Q: 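First the structure, which I've put down as structure tokens, then a few questions once you've had a look.
This structure is a prediction, so every number in the text was calculated from the model and none was measured.
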Amino acid sequence: MGKAHSIDLRERVYGDVALGKSRRAAARRFGVSASTGVRLAQRMAATGSLAPARQGRPRGSGKLAAYRERLIGWVEAEPDMSMSELAALLEADCGVVAHTTSLSRLLLAAGYTVKKNAAGRRSRAR
């Protein structure tokens, strides 16, 4: 994901546009693309601000959000369940295919951590 241009640069480009220069000429003067000059002028007209919009998807809106409570219930019922076992259970019970990393991120966000014993292994019977 790209990084937003600084507010300082945005203000300088839009300042030239406000003084009467074309959007493309103002963008060219400050070394940004023509589309950036156009979008900055459009953003100022629409919102009254040059601040960048939020990027990315809102938190908690992924495909696993609907199954969060169910997944947490399964982990509480069997705390020693592996992520691949949890993924298989989710697919069998709900028909949802999820990567183990996605499940791990969901559980970490919910406050669950991987507990290891003194031998460096997970707390599973030998």
Q: Of the non-hydrogen atoms in Ala98 and Ala87, which two are nearest, and what is the gap between them?
A: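 Smallest interatomic distance, heavy atoms only, reads O-CB, 3.7 Å.
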
Q: Would Leu89 and Val96 show up in the same hydrophobic cluster when neighbours are defined by side-chain heavy atoms closer than 4.5 Å?
A: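 Shared cluster, yes.
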
Q: Identify, with sequence neighbours excluded, every residue that meets side-chain contact (heavy atoms from CB on, under 4.5 Å) alongside Ala25.
A: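 Once residues adjacent in sequence are excluded, the partners of Ala25 under the side-chain contact (heavy atoms from CB on, under 4.5 Å) criterion are Ser22, Arg28.
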
Q: With sequence neighbours left out, what residues match Ala66 under side-chain contact (heavy atoms from CB on, under 4.5 Å)?
A: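 By the side-chain contact (heavy atoms from CB on, under 4.5 Å) rule, Ala66 matches no residue at all.
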
Q: Any chance you could lay out the side chain to side chain contact (heavy atoms under 4.5 Å, CB included) test for Leu40 and Val32, step after step, and finish with the verdict?
A: CA-CA 11 Å; Leu40 285 175; Val32 296; 6.0 Å; no

Q: With sequence neighbours left out, write down each residue that passes side-chain hydrogen bond (donor to acceptor under 3.5 Å, both in side chains) with His99, or none if nothing qualifies.
A: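 Only Thr101 meet the side-chain hydrogen bond (donor to acceptor under 3.5 Å, both in side chains) criterion with His99.
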
Q: Keeping to residues at least two apart or across chains, list the salt bridge (Lys or Arg N to Asp or Glu O under 4.0 Å) pairs with something in residues 7-17.
A: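 For residues 7-17, and leaving out neighbouring residues, the salt bridge (Lys or Arg N to Asp or Glu O under 4.0 Å) pairs sorted by first residue read Asp8-Arg12, Asp16-Lys21, Asp16-Arg29.
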
Q: Which hydrophobic side chains are connected to Val38, either touching it within the sub-4.5 Å cutoff or through other members that do?
A: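 Members alongside Val38: none; it stands by itself.
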
Q: Pairs of donor and acceptor atoms involving the side chains of residues 69-76, under 3.5 Å and at least two apart or interchain, shall be tabulated with distances.
A:
from: Arg70; atom 1: NH1; to: Asp93; atom 2: OD2; distance (Å): 3.3
from: Glu76; atom 1: OE2; to: Tyr112; atom 2: OH; distance (Å): 2.8

Q: Could you state the interatomic distance from CE (Met83) to CG (Leu106), rounded to the nearest 0.5 Å?
A: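 Reported value, rounded in 0.5 Å steps: 9.5 Å.
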
Q: Using atom types as modelled, flag every donor-acceptor pair under 3.5 Å from a side chain in residues 45-53 to any protein atom, sequence neighbours excluded.
A:
from: Thr47; atom 1: OG1; to: Arg43; atom 2: O; distance (Å): 2.8
from: Thr47; atom 1: OG1; to: Ser49; atom 2: N; distance (Å): 3.2
from: Thr47; atom 1: OG1; to: Ser49; atom 2: O; distance (Å): 3.1
from: Ser49; atom 1: OG; to: Ala51; atom 2: N; distance (Å): 3.0

Q: Can you get from Met81 to Leu107 by hopping between Ile, Leu, Val, Met, Phe, Trp and Tyr side chains that sit under 4.5 Å apart?
A: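 Same cluster: Met81 reaches Leu107 through Ile, Leu, Val, Met, Phe, Trp or Tyr contacts under 4.5 Å.
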
Q: Going by the rule side-chain hydrogen bond (donor to acceptor under 3.5 Å, both in side chains), which residues pair with Ser84 if we only count those two or more places apart in sequence or in a different chain?
A: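 Expected list: Ser82.
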
Q: State which residues pass side-chain hydrogen bond (donor to acceptor under 3.5 Å, both in side chains) with Ser35; sequence neighbours excluded, sorted by chain then number.
A: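 Per chain and number, Ser35 pairs via side-chain hydrogen bond (donor to acceptor under 3.5 Å, both in side chains) with Ser33, Arg39.
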
